[in-house]
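A short worksheet on the structure shown next.
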Amino acid sequence: MSLTLAKAINSGLRRSLDDDPSVVLLGEDIGALGGVFRVTDGLQQEFGTERVMDMPLAESGIIGMAVGLAFRGYRPVCEIQFDGFIYPAFDQIVAQVAKLHFRTGGAVRMPITIRVPYGGGIGAVEHHSESPEAYFAHTSGLRVVTCSNPQDAHTMIRQAIACDDPVLFFEPKRRYWTTGEVDEELDTLPLGAARVVVPGSDVTLVAYGPLVATAVDAAAAASDGGLSVEVIDLRSLSPVDFGTVEASVRKTGRLVVTHEAQQFGGLGAEIAASITERCFEFLEAAPARVTGFDVPYPPARLEDHFLPDLDRMLDAVDRVLGRQNSLTGWRA
Amino acid sequence: MSLTLAKAINSGLRRSLDDDPSVVLLGEDIGALGGVFRVTDGLQQEFGTERVMDMPLAESGIIGMAVGLAFRGYRPVCEIQFDGFIYPAFDQIVAQVAKLHFRTGGAVRMPITIRVPYGGGIGAVEHHSESPEAYFAHTSGLRVVTCSNPQDAHTMIRQAIACDDPVLFFEPKRRYWTTGEVDEELDTLPLGAARVVVPGSDVTLVAYGPLVATAVDAAAAASDGGLSVEVIDLRSLSPVDFGTVEASVRKTGRLVVTHEAQQFGGLGAEIAASITERCFEFLEAAPARVTGFDVPYPPARLEDHFLPDLDRMLDAVDRVLGRQNSLTGWRA
Amino acid sequence: MSTTLPARTLVDDVAQILSPRGDRVENRLFDPWIADLTPDQLLDLYVDMVVIRRIDTEATALQRQGELGLWPPLLGQEAAQVGSARALRSDDFVFPSYRENGVAYCRGVALEDLVRVWRGTALSGWNPFDVGMATPAIIIGAQTLHATGYAVGCKKDGVDSVAVAYFGDGATSQGDVSEAMVFAASFQAPVIFFCQNNQWAISEPVGLQAHRPIAERAPGFGIPSMRVDGNDVLAVMAAMRCAIDRARTGGGPTFIEAVTYRMGPHTTSDDPSRYENPVIRAEWAAKDPIERFEAYLSGLGLLGPDVSATVAATADDVARRFRAGCLGLPDPEPLTVFDHVYATPHSWLDRQKSQYSAYLEMYGA
Amino acid sequence: MSTTLPARTLVDDVAQILSPRGDRVENRLFDPWIADLTPDQLLDLYVDMVVIRRIDTEATALQRQGELGLWPPLLGQEAAQVGSARALRSDDFVFPSYRENGVAYCRGVALEDLVRVWRGTALSGWNPFDVGMATPAIIIGAQTLHATGYAVGCKKDGVDSVAVAYFGDGATSQGDVSEAMVFAASFQAPVIFFCQNNQWAISEPVGLQAHRPIAERAPGFGIPSMRVDGNDVLAVMAAMRCAIDRARTGGGPTFIEAVTYRMGPHTTSDDPSRYENPVIRAEWAAKDPIERFEAYLSGLGLLGPDVSATVAATADDVARRFRAGCLGLPDPEPLTVFDHVYATPHSWLDRQKSQYSAYLEMYGA
Ligand SMILES: Cc1ncc(C[n+]2csc(CCOP(=O)(O)OP(=O)(O)O)c2C)c(N)n1
Ligand SMILES: Cc1ncc(C[n+]2csc(CCOP(=O)(O)OP(=O)(O)O)c2C)c(N)n1
Ligand SMILES: [Mg+2]
Ligand SMILES: [Mg+2]
């Protein structure tokens with residue numbers, strides 16, 4: 001079945017609602033409207049207002065109510081309408097959702113999934129293009145995942161909902177309309193596993209979510225130039241499947257990490273630091289990062305500069321290979 | 001004048017209130033009580049309830065109100081009672097305080113200082129021992145600093161308040177009672193600069209806030225064993241003074257970073273990654289991190305395990321030196 | 001004139017000065033607050049509403065033509081915005097949401113500045129201090145606290161300026177809005193909470209947010225409130241003037257619920273056919289704020305064919321200039337993406353800028 | 001018995017069944033709700049209060065002796081806690097703050113489990129599902145949303161269990177508490193908001209949080225509320241039973257403000273001499289909940305010297321067991337610091353645990 005990424009999540013939600021009566025969907029405008037991206041399209045009609053509930057306009061309230069429902073044995077799936085609107089719920093996520101299982105010595109489970117359309121590239125106004133994943137990956141007790149294609153979108157949302165831990169599920173909104181084959185029965189990889197999407201031997205290029213497609217394009221371009229770039233789709237950001245990344249870097253000796261999020265203190269730093277710790281002696285060059293700048297997400301007319309693209313990825317590939325690149329001769 | 005770190009901040013606040021009529025202090029219990037750590041002791045008595053204002057019990061409200069006061073030309077200094085209570089204000093900090101200057105093309109300044117007693121080691125109950133600095137260091141538009149001794153506490157709080165950017169000012173609560181000389185006129189380092197507190201040549205040990213004292217002790221212990229450890233007090237976490245760290249690592253070739261905060265996605269990752277980028281060829285070993293574990297802050301009777309101590313720092317020093325250490329022979 | 005309001009909701013029914021058909025209704029509380037309006041001033045309110053509707057329509061067209069990324073129409077809310085904004089002084093300060101383009105026009109924002117944000121060339125269209133109005137706040141409810149803090153500052157400064165927070169019915173569910181009421185009451189801040197209840201928060205009807213009229217919420221926080229017909233420009237202005245007077249004279253905060261209807265989509269991206277009942281929509285169409293005021297002014301003999309023609313010409317002219325201004329907005333220079341993150345130098349970001357500048361030099365800007 | 005309450009605050013004055021001197025006051029609304037209480041049940045309430053005060057005193061002593069890191073006394077709030085908790089069924093669920101140790105005792109929490117958190121051996125003292133009560137919530141106000149969500153779940157399940165959120169006067173300023181009222185009203189959740197207004201949030205008097213009685217806040221959210229003398233165990237129980245009955249029978253949420261006084265410090269770390277007016281404190285001492293009930297029971301002839309001696313002996317015994325339980329609590333094993341962060345394996349944390357285990361092996365645990 002060929003589906004867009006948005007429809008693949010929709011069908012994953014439908015299957016989860018079907019399979020488990022404790023699953024409930026909570027969010028703003030997810031009912032009659034089907035969500036601003038139509039990811040929940042038709043689900044309220046099909047499952048009723050007790051399973052798919054429009055929520056008052058208060059993110060802390062939505063997550064706090066999900067916590068109470070989880071106490072009662074429910075498995076809430078919350079939609080945060082856009083990345084930039086998750087912060088009012090930060091306290092409930094970080095101080096309650098993430099900590100309750102630990103706080104209660106395992107007595108109270110928080111199988112809550114928080115769906116967040118994230119990232120830029122859609123020409124939106126402020127607060128609609130952010131990549132806040134590092135805040136949550138730094139928070140013990142949470143799992144953080146993101147998908148890059150329709151098949152994963154479908155499988156991973158179902159795995160996230162079925163998971164007994166709280167999961168932040170980041171959806172690459174600019175890829176909602178990407179089409180691909182979806183097999184509802186396919187369940188090849190566990191939720192925490194990364195995937196090598198392009199095998200290669202010269203450089204390891206780690207990406208996730210919206211930038212996987214860009215990274216694959218970069219690898220194709222590099223291959224035209226005779227370079228073999230291995231692209232890894234991280235999929236899980238907490239935990240990171242370092243085994244897969246490490247195996248690749250042991251082979252290539254060179255690592256480039258890319259994400260849309262701001263660089264300072266972002267996931268790229270953790271991946272670079274961890275891989276350096278794990279296979280320092282295999283590294284031929286310092287890992288390079290290709291990320292959004294350390295500025296608030298800029299106005300739409302500037303986002304092409306902010307967002308990592310194929311050229312900036314290739315420039316970093318050149319850098320880790322010690323070839324001529326934009327920083328050759330650059331001095332602070 | 002010899003002062004505790006808490007009193008040194010108190011005297012810094014007093015000077016700022018004296019020097020600039022636009023400075024106002026906002027917080028819970030900062031008036032008659034003088035704050036739960038007495039950091040604002042006597043200030044409401046001296047400056048009145050219009051300058052030192054007890055706030056209703058709502059952190060988002062406190063920071064949101066500070067934003068409005070900043071619009072009106074004030075320079076608010078907000079106290080968050082404990083680290084774990086900053087999250088209800090996360091949205092106002094991340095989406096408003098951090099972004100308003102950028103959003104308005106420089107028209108609106110946010111010279112807001114947010115004081116946060118942070119870190120563990122005082123045997124407290126949950127939410128009273130956290131180290132959330134990485135969330136804010138990852139947020140473009142904010143500056144993040146922390147002090148480790150009374151002199152810096154005094155000077156830096158005044159610099160933070162005088163700064164036209166928003167500053168998160170993290171106060172190492174378990175060092176509030178540390179005593180030291182304070183010269184109110186001393187103003188040696190800019191707010192963004194790190195300081196070499198123990199010179200050395202074998203290993204660079206980077207610490208900040210509450211762990212600087214521990215790092216200094218570790219350096220002394222190492223020196224008894226014939227090792228020369230250079231200890232850097234980072235002071236500023238955004239921006240990090242990489243120049244100072246880099247100069248040290250170029251000399252030692254070995255880096256250990258320590259903080260109480262959880263490791264995954266913490267500041268240690270950024271420092272390790274950035275230093276690796278800047279002086280890969282000088283590194284003799286992968287930078288090592290000595291941090292809190294990736295668990296929610298544990299109950300008091302377990303915090304000695306969670307918190308980095310002298311022994312764990314020395315173990316990491318051994319590791320970067322390639323000596324026998326706890327991970328020798330360890331396999332995942 | 002008295003500025004004392006009872007602690008509980010002032011008016012249980014929606015207060016009007018004009019009926020939906022444009023007939024003058026007696027209102028003992030409100031009448032004195034607009035008794036001084038001259039025919040010229042009445043006409044000005046009318047022109048404002050017509051022009052703002054014209055701008056709004058033009059903006060929707062510009063979006064459809066791909067010239068704007070997005071636009072949040074204020075169709076139907078002209079009276080709520082004009083009546084409230086025209087009650088303010090220039091030294092007052094407005095903290096709007098994203099839908100207050102009518103208010104912005106009244107505050108003197110330049111035409112092209114209205115669309116910078118929606119065209120994506122900037123995150124703010126204007127300098128807030130030039131017009132006494134902050135730029136659009138997109139995080140729902142956050143600005144109510146800013147208005148409260150600003151008002152506390154006015155009080156500290158000993159001036160009688162006031163702050164106004166604009167927000168919607170949906171916003172009342174956000175914790176920040178309740179906290180703003182707590183703080184405003186606690187510090188008796190000279191702030192007006194102006195809620196345009198347009199019946200919708202995107203697809204969610206107001207009944208999901210509140211089981212009681214929204215105006216009833218404030219009194220429990222110690223803030224008097226009024227419920228007013230938001231499609232009646234005179235009633236809105238009267239309520240606002242009354243609230244402002246209270247604030248200026250030390251009476252503290254007031255809450256106004258302007259009951260209106262969002263006649264357009266939530267934004268140009270929205271599709272109300274998925275959730276809106278066309279019958280109810282039609283009912284509200286019959287209460288149009290401009291038609292109502294037109295009828296009233298015609299009754300007063302203020303709106304002959306000449307005047308109408310002049311107003312139409314004015315609106316056309318504004319629309320032309322608005323469109324030209326929009327199309328003329330330049331794209332920002334690449335390296336400005338690094339500007340104004342900080343007010344003072346930041347070593348990390350300065351380095352990043354320098355590196356990206358080297359990158360642009362190598363690969364061509 | 002009717003469960004309908006008027007939308008507005010039920011009682012403008014603080015409702016009582018017993019005067020501070022222990023005299024029975026007629027209360028037409030409340031009387032029926034406690035008419036069925038037998039002499040034994042009345043005596044049980046008394047014993048609960050005495051025992052809880054004894055536990056509380058003992059805990060303060062343990063803290064002074066260095067056996068507890070901290071303790072939040074509930075001195076003065078015994079009636080508010082016992083009267084409300086004893087109105088509940090075992091299948092109901094309580095979401096407390098940190099001060100509800102009296103409530104926890106009534107729910108059947110084991111004595112040593114009351115102090116695990118305060119001794120620092122665990123972050124929770126008990127399994128919430130064993131006693132129908134969550135463990136202490138320290139983030140002010142957060143638990144009110146949990147109670148609301150839990151109540152929505154009860155409604156979904158078609159059971160008539162209810163949820164209760166306990167919180168303080170200071171908590172009412174937090175956005176979460178207002179949001180909880182929005183959600184509870186919107187979904188007509190069977191939840192009771194039980195606010196112990198003990199006049200203080202650490203050093204801040206309730207007047208800083210609210211200019212109107214706290215009970216007045218709920219009606220604006222569409223939630224009926226009651227204001228009750230929190231030092232009158234019968235009045236508290238009556239209000240709570242009334243609210244619970246409404247919730248069980250589909251009447252939705254109710255808000256109860258129990259007006260009381262924090263007779264101890266905020267916690268054992270606090271120093272009220274810095275901010276408290278001793279005259280007001282003395283006034284409240286005269287309204288002590290236990291003395292009042294004692295006078296009432298004595299008047300009924302239920303509290304002779306024999307009974308009093310038995311009660312004292314019971315309290316002493318509980319205190320002895322409480323102390324022994326506290327001192328007997330074992331320290332947790334080092335590697336348990338990694339347990340229960342996740343319910344399912346997490347590669348990063350598992351590796352970290354393995355490394356720390358190697359470290360402990362090398363350097364000795
Ligand atoms: C914190 C936050 N959550 C969600 C949104 C998405 N959103 C934008 S407008 C809107 C509805 C707002 O409704 P209302 O307050 O009634 O204002 P109106 O749009 O009707 O003028 C929502 C949910 C947002 N902007 N901010
Ligand atoms: C979010 C948050 N902010 C601040 C605190 C610190 N704090 C602990 S108790 C307290 C006062 C609470 O007052 P109230 O709600 O009246 O409850 P009481 O202590 O009187 O029972 C404060 C400010 C906290 N625990 N959580
Ligand atoms: Mg609305
Ligand atoms: Mg209290």
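A note on names: the letters A, B, ... follow the listed sequences, proteins ahead of strands, and every chain is numbered from 1. The shown structure was predicted, so the numbers you read here are calculated from the model rather than taken from an experiment.
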Heavy-atom distances under 4.5 Å only: say whether [X] touches chain C with side chain, backbone, both or neither.
{"X": "B:Ser236", "result": "neither"}
{"X": "B:Met110", "result": "neither"}
{"X": "B:Phe71", "result": "both"}
{"X": "B:Ala95", "result": "side chain"}

Rounded to the nearest 0.5 Å, the CZ atom of B:Arg72 sits from the CG atom of C:Asp157 at a distance of 4.5 Å
CD on C:Gln143 to CD on B:Gln96, rounded to 0.5 Å: 8.0 Å
With a 4.5 Å heavy-atom cut-off (strictly below), which parts of [range] touch chain B? List them by number.
{"range": "residues 164-195 of chain C", "value": "C:Asp176, C:Glu179, C:Val182, C:Phe183, C:Ser186, C:Phe187"}
{"range": "residues 339-356 of chain C", "value": "C:Asp339, C:His340, C:Val341, C:Tyr342, C:Ala343, C:Thr344, C:Pro345, C:His346, C:Ser347, C:Trp348, C:Arg351"}
{"range": "residues 89-109 of chain C", "value": "C:Phe93, C:Phe95"}
{"range": "residues 120-127 of chain C", "value": "C:Leu123, C:Ser124, C:Asn127"}

Among the options B:Met65, B:Lys99, B:Glu50, B:Arg109, pick out the one with the most heavy-atom pairs lying under 4.5 Å from chain C. B:Met65
So which of B:Leu142, B:Asp241, B:Val240 has the biggest tally of heavy-atom pairs under 4.5 Å with chain C? B:Leu142
Given heavy-atom pairs under 4.5 angstrom as the criterion, report whether the side chain, backbone, both or neither of C:Ala142 touches chain B. both
What's the shortest heavy-atom distance between B:Val108 and C:Pro128, and which atoms? CG2-CG, 3.7 Å
Heavy atoms only, distances under 4.5 angstrom: which of C:Thr148, C:Thr336, C:Thr135, C:Val152 has the most pairs with chain B? Name it, please. C:Val152
CD of C:Glu333: more than 12 outside heavy atoms within 6.0 angstrom? no
